[in-house]
Amino acid sequence: MAGLVAGSRADLKERGLDDAFASVGLSHLIAVSGAHLAVMAGGVETLLGLVGVGLRVRVLSVLASSAVYVVFCACPSSAVRAWVMLLASRCGRSLGRRSHSPSGVAVACLAMCALDPYCSCDLGFRLSVSSVIALALFGSYADALLARISLVSFLRKDGIKVPYRLRRRGRALLRSLRSAIAVSLVCQLATAGTCAMTFGRLSLVSTLANVLIGPLFTPLVSLGLAGAAISWLPFLGSLVLSLDATLCEIVICFVRGLGKLPLACIPVCLPAWAEYVPLLVMAVVLVVWPRPSRRALLGTISAATVVAGAYVLLSCVLVGPSVTILDVGQGDAILIRQGPHAILVDCGLEGSLSSALARNHVYHLDAVVITHLHEDHYGGLDDLVGLIGVDAVYVGEGASGNLPDELEGSVRDLTGAAPGEIADGDVLRLGSYSMGCVWPHGPTDGSENEDSLCFVLSYDGDGCSLEMLLTGDAEQEQLEEYQNDVGDIDVLKVGHHGSRVSISLDQAQTLRPEFAVASAGEGNSYGHPTSECIETLESAGAMFLCTIEHGDVRVEPSPDNAPPRVVCQR
């Protein structure tokens, strides 16, 4: 209740609900904004209207009570913006001016920018203004389009009679549902570019979530405010708050259920100019196609569905086998894929992973393996919460009892369970891939570079093969212990970002990799990859690549006795 009624994000974050609401496109419900003030103002105005209070008194009462509500919520910027917009709208009404949303937005924006010129750079300000303007310009158009393809319109068009009683009872419900869908679609489209560019994610169930949860929002906020006002009453206050708590739990169940749907929220990586594309497209459609026929609308929707389905099929399902060393800055993240299945070895630093997975069209992970407990190898795991489904998380033998609190919380949020452990000799399988653990030889706490899990990754299928060594942050001292179990390889993932002592010349000549790939961040203070490491590997006949220069490096299995195919992002 504190989060949904009063916008207290701390309480939501404590229960892990902020990411859940964001993943289904309902972040606006946990930021006190125009929707909250509309409920508040509507309730007050209705009560005053029933007792015959005049228009101007009603306006002043609404403004005063909503201002108290904003203070009650600790004056968040979103609530202050909404109150200024409400002030402009109600003052216009009290002066006898007709309601005109674009004018109200303009007056409110001018007032807020006059008081604080920097508010125009605030993300919440941009999202609020974009939503209101889009609703004013395109809301009626979207509602009209939906009316053309509604069920009742379809039946009437085709000469199928709908019983009068059914039509009468269903008309209001259908109109309300259609309006909710239109509002949600317009707002989501108007803000999709900004949200995707800022947060690197896009909710595909946001419209469904708004339609399902929208009807519960008004009673939830109304009961919450009423309960707060009369909480001092012995029985009635507790009863109202209990009813509101029940509504909150229903909303949370809906949110968590929707968040578990396949592709409920996907990572995206967009250029800066993409922020303005949705609004531009909506404007062009409105001008070029003002009154489309039902047949044209249905044809367009069908074509768009086919294109979207083909895209998902080609980019997520019919994917050939590959191993990609992701460019995540000064960290490690290695993606192993075959078809719709994928394993991620390490997660890079926080804030670097979601865009890397987005550009590789990864929306689900069968497993995540954390080689050791350094932040540049596990920090990005929290980026996956509420964004990408993860079936299991693994750490080295003995390391599960030494997890940092934030890592342990992320693992439980993703999988609902503690991480599994991988020991020397264990093998993970993914399609035709097998990933055998060759180091460390015994339990560790996972806190040092030498504790890194090391794997021999083998592919054997469809007449193609690949042998690759993944070394985490382990260096030549650890490599000396297990190199005889490895043998000749095709590709080496260079240990410890290409440090000076990551590999010796004798070891490189024993492994004989054709390609060696290091993951490092541009301008890092460690000087990774070092010139000594590069010279050592090139002297052994390996082609050296680094994510600094080449971005993502994808390695694909090749026919037997042929070198692997290597594709670089740049």
Side-chain angles (χ1 to χ4, degrees), residues 5-9 27-46 48-49 53-140 183-184 186-195 197-198 217-218 221 225 275-276 278-280 282-283:
V5 177
S8 177
R9 288 181 177 267
S27 293
H28 59 283
L29 294 187
I30 56 178
V32 177
S33 58
H36 293 74
L37 263 65
V39 174
M40 173 74 182
V44 172
E45 193 162 15
T46 300
L48 294 177
V53 176
L55 175 61
R56 296 196 177 186
V57 175
R58 290 206 307 268
V59 168
L60 292 175
S61 300
V62 165
L63 292 175
S65 58
S66 56
V68 171
Y69 178 38
V70 171
V71 175
F72 172 73
C73 299
C75 296
S77 57
S78 59
V80 174
R81 285 194 302 270
W83 188 82
V84 173
M85 291 185 182
L86 179 66
L87 174 66
S89 172
R90 300 294 167 156
C91 287
R93 282 184 57 192
S94 66
L95 295 173
R97 298 185 62 86
R98 66 184 178 88
S99 177
H100 189 248
S101 297
S103 298
V105 175
V107 171
C109 291
L110 286 172
M112 286 185 282
C113 290
L115 293 172
D116 178 15
Y118 294 102
C119 76
S120 61
C121 302
D122 181 71
L123 176 63
F125 179 85
R126 289 159 56 196
L127 293 176
S128 298
V129 173
S130 297
S131 297
V132 175
I133 290 177
L135 282 175
L137 298 179
F138 308 113
S140 298
V183 168
S184 178
V186 168
C187 289
Q188 295 298 325
L189 287 173
T191 59
T194 303
C195 291
M197 189 186 69
T198 305
F217 180 72
T218 298
V221 174
L225 293 174
E275 178 178 359
Y276 307 102
L279 278 173
L280 180 61
M282 292 165 68

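Quantities reported herein were computed from a predicted structural model and do not represent experimental measurements. We're numbering straight along the sequence, starting at 1.
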Considering all heavy atoms, the nearest [X]-[Y] contact:
| X | Y | result |
| --- | --- | --- |
| G193 | P278 | N-CG, 4.0 Å |
| C75 | V80 | O-CG2, 4.0 Å |
| S130 | T191 | CB-CG2, 4.3 Å |

Does any part of the side chain of [Y], heavy atoms only, come nearer than 4.5 Å to the side chain of [X], both counted from C-beta?
| X | Y | answer |
| --- | --- | --- |
| Y69 | V221 | yes |
| V186 | M282 | yes |
| F138 | I133 | no |

Legend entry - Audit row: V57, L48, side chain to side chain contact (heavy atoms under 4.5 Å, CB included) steps and yes/no: CA-CA 9 Å; V57 175; L48 294 177; 5.7 Å; no
Inset, instruction - With rounding to the nearest 0.5 Å, note down the distance linking CZ in R126 to OG in S131. - result: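 So the CZ of R126 and the OG of S131 are separated by 12.0 Å.
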Inset, instruction - Give a yes or no answer on whether the side chain of S66 reaches the backbone of L63 with a donor-acceptor pair at less than 3.5 Å. - result: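 It does hold such a pair.
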